[in-house]
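Numbering starts at 1 and runs along the sequence shown. Whatever order the structure lists ligands and atoms in, that order sets their numbers, starting from 1.
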Amino acid sequence: MSKNLIIAIDGPAGSGKSTTAQLVAQKLDFVYIDTGAMYRAITYLAIRNNALGNKDKIIELAANSNIDLKFENGVTCISINKEDLTNKIRTLDVNKNVSDVSKIEEVRRILVRKQRDIGSKTTGVVMEGRDIATVVFPNADIKIFLTATIDKRAKRRAKEYAENGIEIPVTEIKENLKNRDQIDSNREVSPLVKAEDAIVVDTSYVSIEEQVNIILNKVKKTADNLGIDVKIN
Ligand code: DC
């Protein structure tokens, strides 16, 4: 493949981004990047260093973070300065604070630079987040915006937690999601918005297979137009 294909997937928490993006990447043999894991890891460091609310300290932590991201056995593994944080970034405490950390412009600048660097070094990438199609890769070849009703999203997250042995009431998850939606969509820097040229896929009532196929069909068409040969596994 001469040109690298970039597939950007954005959407709110619980819209099915991770599952969809992982499957699409697997089908295409592309690299999968979960950018939320990076914001989560910086948030975890901010909590551990008692830096919440201290913007300068959080920026310093981000600037001094050498982030390593790998997708192994179905899990996004993240380490910072060689310390593995994979099991520390999906806690309620991180959930509660990650949107505030993500509002900081300088933190975003640092992480976006890293995301562009990773994406440009691949032969094909599926990157998911909130601002991939609008800011990180505004020229992405394929832009997808996933949505789903708040009830569906909360139920999905509750199920994910339950599968990991954590029981959290759906109502509590729903409140956290609403709160994050509100902050993520209304922040001044790179808010969660649909890129003008993104395709909206509402995942409330379609199966994962259907979601994935919609995207793969689009990839196929785009690749054909660009004269790129993609194989779908
Ligand atoms: O996708 P996620 O729920 O793991 O993301 C966690 C938070 O990180 C989310 O509430 C907002 C922030 N985020 C962001 O601001 N920009 C991204 N590209 C990805 C995530």
Where is the nearest protein heavy atom to [atom]: which residue, which atom, and how far?
| atom | answer |
| --- | --- |
| atom 19 (C) of ligand 1 | T35 OG1, 3.4 Å |
| atom 11 (C) of ligand 1 | D184 OD2, 3.4 Å |
| atom 12 (C) of ligand 1 | S102 OG, 3.3 Å |
| atom 3 (O) of ligand 1 | R180 NH1, 2.9 Å |
| atom 4 (O) of ligand 1 | R40 NE, 2.7 Å |
| atom 18 (N) of ligand 1 | D131 OD1, 2.8 Å |
| atom 16 (N) of ligand 1 | R108 NH2, 3.0 Å |

Mind checking whether [X] and [Y] have side chains closer than 4.5 Å, heavy atoms only?
| X | Y | value |
| --- | --- | --- |
| V24 | L216 | yes |
| L52 | I47 | yes |
| S79 | K82 | no |
| D10 | E128 | no |

* Passing option when V212 is tested against V206, L23, V201 for side-chain contact (heavy atoms from CB on, under 4.5 Å) -> L23
* Would you mind listing which atoms of ligand 1 come within a distance below 4.0 Å of any non-hydrogen atom of G36? => 4 (O), 5 (O), 19 (C), 20 (C)
* Which atoms of ligand 1 have any heavy atom of S99 under 4.0 Å away? -> 10 (O)
* Ignoring hydrogens and angles, state whether a donor on the side chain of T91 or D93 is under 3.5 Å from an acceptor on the partner side chain. => no
* Do you see a donor-acceptor pair shorter than 3.5 Å between the side chains of N97 and T43? -> no
* To do: Determine, using heavy atoms of M38 and all atoms of ligand 1, whether some pair is separated by less than 4.0 Å.
  => no
* Asked: What about L28 and V31, same hydrophobic cluster or not, with Ile/Leu/Val/Met/Phe/Trp/Tyr joined at side-chain heavy-atom distances under 4.5 Å?
  -> no
* Would you check the N or O atoms of Y39, main chain and side chain alike, for any that come under 3.5 Å of an N or O of ligand 1? => no
* Which is closest to atom 1 (O) of ligand 1 in terms of heavy atoms, E128, R130, R187? -> R130
